[in-house]
Undergrad: 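Supplied in structure tokens, the structure appears directly below.
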Protein chains: 2
Amino acid sequence: MNEAVVLTPERILEATEDVLRRFGLTKATVVDVARALDVSHGSVYRHFPSKASLRDAVAKRWLDRANEPLCKIAADSGPAPERLEKWLRTAFSIKQKKVCDDPEMFATYLALAQGAREVVEAYKDKQVDLIAKILSDGVAQGVFETDNVKATARAVFDATVRYHHPAHAEEWAKPECPSRIDALIALLLRGVRVCKH
Amino acid sequence: MNEAVVLTPERILEATEDVLRRFGLTKATVVDVARALDVSHGSVYRHFPSKASLRDAVAKRWLDRANEPLCKIAADSGPAPERLEKWLRTAFSIKQKKVCDDPEMFATYLALAQGAREVVEAYKDKQVDLIAKILSDGVAQGVFETDNVKATARAVFDATVRYHHPAHAEEWAKPECPSRIDALIALLLRGVRVCKH
DNA sequence: TCGCTGACAGATTTCAATATCTGTCAGACA
DNA sequence: TGTCTGACAGATATTGAAATCTGTCAGCGA
């Protein structure tokens with residue numbers, strides 16, 4: 001009803017993020033979002049065709065935000081082994097920070113990830129591509145060897161998924177988790193490096 | 001009520017397995033089990049203190065049965081790399097056969113695994129020990145190198161968990177799954193082998 | 001004596017009535 | 001003309017009363 005402020009998708013997403021943060025995915029309603037924006041829920045539907053599309057758009061924002069440091073590492077130049085290790089450590093630490101630096105949000109993040117399956121799948125594919133980029137840089141540098149960069153990148157990603165999937169969230173709580181991640185990273189780095197002697 | 005047949009834990013477990021197979025964990029009741037044995041449910045409680053203990057005992061039987069071929073491979077003598085590859089392939093194929101060769105049972109298996117957490121955890125630890133056995137054989141044979149057998153075994157296991165956890169069951173349905181498993185196994189074998197040149 | 005029975009209490013699940021939410025659309029309003 | 005509103009239908013979620021299940025135990029019968 002505020003005539004001065006235009007209702008944009010961006011404003012709706014910000015309000016949705018806030019409402020999700022407060023109520024969680026299950027309890028949050030489109031009417032809540034509309035109320036936060038001081039419009040009727042019909043207006044929200046003018047910009048987003050469904051609650052699911054809102055949820056997916058918010059999930060995408062969050063995942064893009066979380067993904068940013070990983071993209072940077074993959075785009076860097078420099079020795080591939082160091083970058084691969086840094087990439088994996090960053091990926092793990094993002095999860096350890098519960099994606100969003102806000103422990104309270106974690107449950108909501110899990111619910112979002114559960115619902116926004118396609119968005120999460122696309123994000124996984126993007127992560128595999130980032131790993132593949134580092135691997136092929138490593139092959140060019142003569143420090144990695146693999147007969148199929150894409151398949152190996154997928155394998156590296158698959159190997160880390162225990163820690164990337166909400167179902168394994170409890171693993172993070174275990175005191176031995178950091179040392180297990182260290183061992184896993186060491187194993188993966190050994191798996192892709194060139195054998196020199 | 002049958003005076004000729006003694007009510008033993010073994011008989012109760014067999015009846016429970018049958019009832020679970022027919023009704024699933026949620027629908028199966030202790031009274032169903034008692035009925036199958038032609039006794040009152042009070043008699044079942046004489047041998048098992050709770051429905052959960054019945055569930056855990058059945059889960060343990062199933063997991064022990066599924067684990068048997070893996071134990072054999074670990075106990076074998078022979079070149080460690082071949083055995084590790086065989087072990088991993090067998091572990092994957094057990095899951096692919098849905099643990100019990102009976103597709104109808106898979107949902108029930110998932111429910112059991114969900115409930116019998118402690119039993120499943122013990123089973124995981126046992127699997128890590130089996131991998132460690134093969135790895136240390138490999139070190140003795142001079143074909144594997146690792147500074148910490150147990151940690152590496154855990155890392156190998158962690159790397160395969162995407163395919164061992166019920167939450168990832170859908171991954172099995174994907175057509176590219178076999179090639180992804182191939183890539184993962186190749187990566188892990190490279191990660192533990194000695195570099196010769 | 002010792003294993004088994006079945007009534008029972010408390011916990012859990014089911015189910016249907018009720019309330020709330022999603023998504024649409026005719027019409028208001030600027 | 002283009003955006004917004006709010007009543008509405010169908011879908012979904014909540015609720016609480018009734019039904020069922022778990023686990024106990026006093027007492028029965030071999």
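Below, each value reflects all heavy atoms present in this structure, side chains not excepted, and no hydrogens, waters or symmetry copies. Numbers restart at 1 for each chain; the letters A, B, ... are given by sequence-line order, proteins then strands.
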Undergrad: Please report the distance, rounded to the nearest Å, between CG in B:Asp32 and P in D:dT20.
TA: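 Rounded to the whole Å, the gap is 13 Å.
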Undergrad: Are any of A:Ser43's side-chain N or O atoms less than 4.0 Å away from OP1 or OP2 of D:dT5?
TA: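 For A:Ser43, the contact criterion (side-chain N or O under 4.0 Å from OP1 or OP2 of D:dT5) is met.
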Undergrad: Measure up the A:His168 and B:His165 rings against each other and bin them: parallel (under 30°), tilted (30 to 60°), perpendicular (over 60°).
TA: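 Perpendicular.
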Undergrad: Parallel under 30°, tilted from 30 to 60°, perpendicular over 60°: which one fits the rings of B:Phe92 and B:Tyr163?
TA: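 The rings of B:Phe92 and B:Tyr163 stand perpendicular, inter-plane angle above 60°.
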Undergrad: Rounding to a whole Å, what distance do you find between B:Arg35:CZ and D:dC21:P?
TA: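 Distance check: B:Arg35 CZ to D:dC21 P gives 8 Å.
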Undergrad: Checking B:Phe144 now: which residues fulfil ring-ring contact (aromatic ring centres under 6.0 Å, His included) with it, not counting sequence neighbours?
TA: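 Partners of B:Phe144 under the ring-ring contact (aromatic ring centres under 6.0 Å, His included) test: none.
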Undergrad: With the threshold set at under 4.0 Å for non-hydrogen atoms, list the residues of residues 44-53 of chain B touching DNA chain C in residue-number order.
TA: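 Heavy-atom cutoff 4.0 Å gives B:Arg46.
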Undergrad: How would you list, by chain and number, every residue that makes a side-chain contact (heavy atoms from CB on, under 4.5 Å) with B:Ala159, sequence neighbours excluded?
TA: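 side-chain contact (heavy atoms from CB on, under 4.5 Å) list for B:Ala159, sorted by chain: A:Ala159, A:Leu184, B:Leu188.
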Undergrad: With sequence neighbours excluded, what pairs up with B:Thr16 under the side-chain contact (heavy atoms from CB on, under 4.5 Å) test?
TA: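 Per chain and number, B:Thr16 pairs via side-chain contact (heavy atoms from CB on, under 4.5 Å) with B:Ile12, B:Leu20, B:Val33, B:Leu54, B:Val58.
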Undergrad: Whole angstrom is fine here: how far is it from CG in A:Leu37 over to C1' in D:dT5?
TA: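 About 15 Å, once rounded to whole Å.
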Undergrad: Not counting sequence neighbours, list each pair that qualifies as a side chain to side chain donor-acceptor pair (under 3.5 Å) and has a residue in residues 5-15 of chain B.
TA: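 Found B:Glu10-B:Arg61.
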Undergrad: Between D:dG23 and B:His41, counting only base atoms on the nucleotide and side-chain atoms on the residue, is there a donor-acceptor pair under 3.5 Å?
TA: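 Yes, a donor-acceptor pair under 3.5 Å.
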Undergrad: Between B:Ile12 (CD1) and D:dG23 (C1'), how many Å, whole number?
TA: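 One finds 15 Å between C1' of D:dG23 and CD1 of B:Ile12, rounded.
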Undergrad: Figure out the CG/P separation between B:Leu7 and C:dC2, and round it to whole Å.
TA: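 Taking CG of B:Leu7 and P of C:dC2, I get 18 Å after rounding.
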Undergrad: Let me check something: any side-chain donor-acceptor pairs from residues 41-48 of chain B under 3.5 Å, sequence neighbours excluded? List them with distances.
TA:
unit_1  : atom_1 : unit_2  : atom_2 : d
B:His47 : ND1    : B:Ser43 : O      : 3.4
B:His47 : NE2    : B:Leu7  : O      : 3.1

Undergrad: Whole-Å distance between C:dG23 P and A:Arg55 CZ?
TA: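 Answer to the nearest Å: 10 Å.
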Undergrad: Would you list the pairs meeting salt bridge (charged side-chain N to carboxylate O under 4.0 Å, His left out) in which at least one residue belongs to residues 128-138 of chain A, sequence neighbours left out?
TA: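 As it turns out, the salt bridge (charged side-chain N to carboxylate O under 4.0 Å, His left out) pairs with a partner in residues 128-138 of chain A, which skip direct neighbours, are A:Arg83-A:Asp137, A:Asp129-A:Lys150, A:Lys133-A:Asp137.
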Undergrad: What does the list of N/O pairs under 3.5 Å between the protein and nucleotides 12-18 of chain D look like, with a distance for each?
TA:
unit_1 : atom_1 : unit_2  : atom_2 : d
D:dT14 : OP1    : A:Lys27 : NZ     : 3.2

Undergrad: Taking salt bridge (charged side-chain N to carboxylate O under 4.0 Å, His left out) as the definition, give me every residue that meets it alongside B:Lys51, ordered by chain and number, with sequence neighbours left out.
TA: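 Partners of B:Lys51 under the salt bridge (charged side-chain N to carboxylate O under 4.0 Å, His left out) test: none.
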